[in-house]
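Below: the structure, in structure tokens.
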Amino acid sequence: NLGTYEFFAHGRMVESGHPHFLPGGGVCVENDSVTAPVFYQSTYQGGVDSVLFVIQEPQYILINGGAAHLGVSFSVTFFEKRPATANCPTGDEWLDQQVVRDMLRTLWDSSMASLPVSQRLERGGWIYQDTLTGAYITAVTPVNPVDGRCGRLFEPPAQLGIPIMHVHTHPFIRNEVVPQSCWPAGATPQQPGTYNPRKYGGPSKPDIENIAQYSWPEMIADSANVYHAPSTTTLRNARGVVKSFARHKSNPSCNLF
């Protein structure tokens with residue numbers, strides 16, 4: 001019951017039972033059912049006691065001289081915006097939790113990014129929400145035989161709570177030649193594959209395919225930045241929706257990790 005909340009009401013308005021012309025033109029029809037979306041958003045401080053919708057029934061509107069009855073139904077979603085617990089907030093709710101920054105540091109340190117590329121590992125973990133307290137829980141996925149330079153075990157251990165976000169590392173520097181197992185199709189020793197976070201704004205193509213399959217957002221750390229790819233990220237829109245945050249600041253005390 002603390003923090004800032006966003007309230008979303010998604011509804012459906014139904015017109016039925018009376019002849020009228022469809023919006024934008026058309027022919028006169030009877031006993032139709034024309035639906036239109038209703039969307040309401042509100043941001044407020046504090047907790048949630050109850051939500052009450054008062055809908056006067058019956059409702060009618062006049063369309064071209066005829067009356068149309070309106071039926072309304074709602075679904076309600078609440079999203080809590082948690083206050084920052086880390087120094088120097090970025091504006092990203094998850095990245096501004098100290099427990100998440102600590103997790104990123106742990107993942108990066110275990111990626112061995114200072115070693116030659118052949119010895120580095122992509123490391124991952126999960127952010128969960130406790131089903132009773134609502135607190136965030138982080139869990140680093142243990143090193144697994146499937147882990148490699150450009151991939152890691154993805155499956156979350158569900159018993160820790162509700163999975164909120166997958167987090168992992170890309171232990172490379174932009175334009176650095178990556179191990180051959182990471183090369184895209186068509187790469188050759190003469191034109192080897194390089195690390196290019198700009199292609200999709202931070203996440204790789206496999207990262208975005210995971211988002212599409214599981215609908216979990218991704219947070220990714222490389223040598224320069226942390227990237228937050230929302231659950232709506234696609235190959236087509238990635239460069240427009242992925243948020244990027246520099247790891248290192250002009251004030252070192254504000255470095256993310």
Side-chain angles (χ1 to χ4, degrees), residues 1-10 39-53 74-110 123-141 156-170 201-203 207 211 214-222 224-233 237-238 240-257:
N1 290 330
L2 299 175
T4 303
Y5 293 79
E6 282 190 333
F7 160 59
F8 296 85
H10 301 270
F39 179 77
Y40 175 78
Q41 177 180 352
S42 176
T43 301
Y44 57 93
Q45 296 285 333
V48 180
D49 292 323
S50 62
V51 177
L52 176 66
F53 292 101
F74 286 95
S75 64
V76 180
T77 306
F78 291 93
F79 295 96
E80 180 185 6
K81 288 188 172 181
R82 302 190 178 213
T85 59
N87 292 329
C88 307
T90 64
D92 183 272
E93 180 181 352
W94 285 277
L95 190 54
D96 290 343
Q97 303 301 308
Q98 186 60 49
V99 66
V100 174
R101 295 193 190 181
D102 291 343
M103 179 191 191
L104 286 167
R105 180 184 298 276
T106 298
L107 290 173
W108 188 255
D109 290 345
S110 62
R123 300 286 288 115
W126 291 86
I127 303 172
Y128 301 88
Q129 185 173 32
D130 186 277
T131 55
L132 295 178
T133 67
Y136 285 150
I137 303 169
T138 61
V140 173
T141 305
Q159 69 273 13
L160 294 180
I162 302 170
I164 299 296
M165 177 180 287
H166 183 244
V167 183
H168 69 281
T169 63
H170 288 170
D207 293 337
I211 292 172
Y214 296 101
S215 296
W216 283 308
E218 288 271 0
M219 186 171 288
I220 303 153
D222 66 13
N225 300 295
V226 175
Y227 309 96
H228 180 174
S231 59
T232 56
T233 305
N237 69 13
V241 301
V242 175
K243 295 185 293 184
S244 176
F245 305 91
R247 281 183 50 194
H248 307 289
K249 310 292 185 178
S250 56
N251 177 3
S253 65
C254 286
N255 288 347
L256 297 183
F257 63 91

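The first residue of the sequence shown is numbered 1, and numbering continues consecutively from there.
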Within this structure, what is the [atom1]-[atom2] distance for the pair [X] and [Y], rounded to the nearest 0.5 Å?
X: Ile137; Y: Gln129; atom1: CD1; atom2: CD; answer: 9.0 Å
X: Asn255; Y: Asn87; atom1: CG; atom2: CG; answer: 11.5 Å
X: Met103; Y: Met165; atom1: CE; atom2: CE; answer: 10.5 Å
X: Ile127; Y: His166; atom1: CD1; atom2: NE2; answer: 10.0 Å
X: Ile211; Y: Thr232; atom1: CD1; atom2: OG1; answer: 8.5 Å
X: Ile162; Y: Thr131; atom1: CD1; atom2: OG1; answer: 6.0 Å

Pairwise side-chain contact, Asp92 with Met219, heavy-atom cut-off 4.5 Å (strictly under) =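 Yes - at least one pair of side-chain heavy atoms lies under 4.5 Å apart.
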* Asked: Side chains of Ile220 and Asp207: closer than 4.5 Å at any heavy-atom pair?
  -> yes
Taking Leu107's backbone N and O only, do any of them form a donor-acceptor pair with Ser110's side chain (distance below 3.5 Å, no angle check)? yes
Shortest non-hydrogen separation from [X] to [Y] and the atoms involved:
X: Trp216; Y: Ile164; value: CD1-O, 4.2 Å
X: Asp222; Y: Tyr227; value: OD2-OH, 2.8 Å
X: Pro217; Y: His228; value: CB-NE2, 4.2 Å
X: Arg247; Y: Trp108; value: NH1-CE2, 3.4 Å
X: His168; Y: His170; value: NE2-NE2, 3.2 Å
X: Phe257; Y: Ala221; value: CZ-CB, 3.8 Å

*So Leu104 and Leu95, side-chain contact (heavy atoms from CB on, under 4.5 Å) or not? Walk me through it.*
CA-CA 9 Å; Leu104 286 167; Leu95 190 54; 3.6 Å; yes
message = Show me the pairs that pass salt bridge (charged side-chain N to carboxylate O under 4.0 Å, His left out) and involve residues 95-105, at least two apart or across chains.
response =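 For residues 95-105, and leaving out neighbouring residues, the salt bridge (charged side-chain N to carboxylate O under 4.0 Å, His left out) pairs sorted by first residue read Asp96-Arg101.
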- May I ask you to check if Arg82 and Trp94 form a cation-pi contact, with NZ or CZ under 6.0 angstrom from the six-membered ring centre and within 45° of the axis?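 Verdict for Trp94: no cation-pi partner in Arg82.
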Go through the steps to decide whether Trp126 and Val167 satisfy the test side-chain contact (heavy atoms from CB on, under 4.5 Å), and finish with yes or no. CA-CA 6 Å; Trp126 291 86; Val167 183; over 6 Å; no
Sequence neighbours excluded, which residues qualify as side-chain contact (heavy atoms from CB on, under 4.5 Å) partners of Val241?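 Val241 satisfies side-chain contact (heavy atoms from CB on, under 4.5 Å) with Pro230, Thr233, Asn237 once adjacent residues are dropped.
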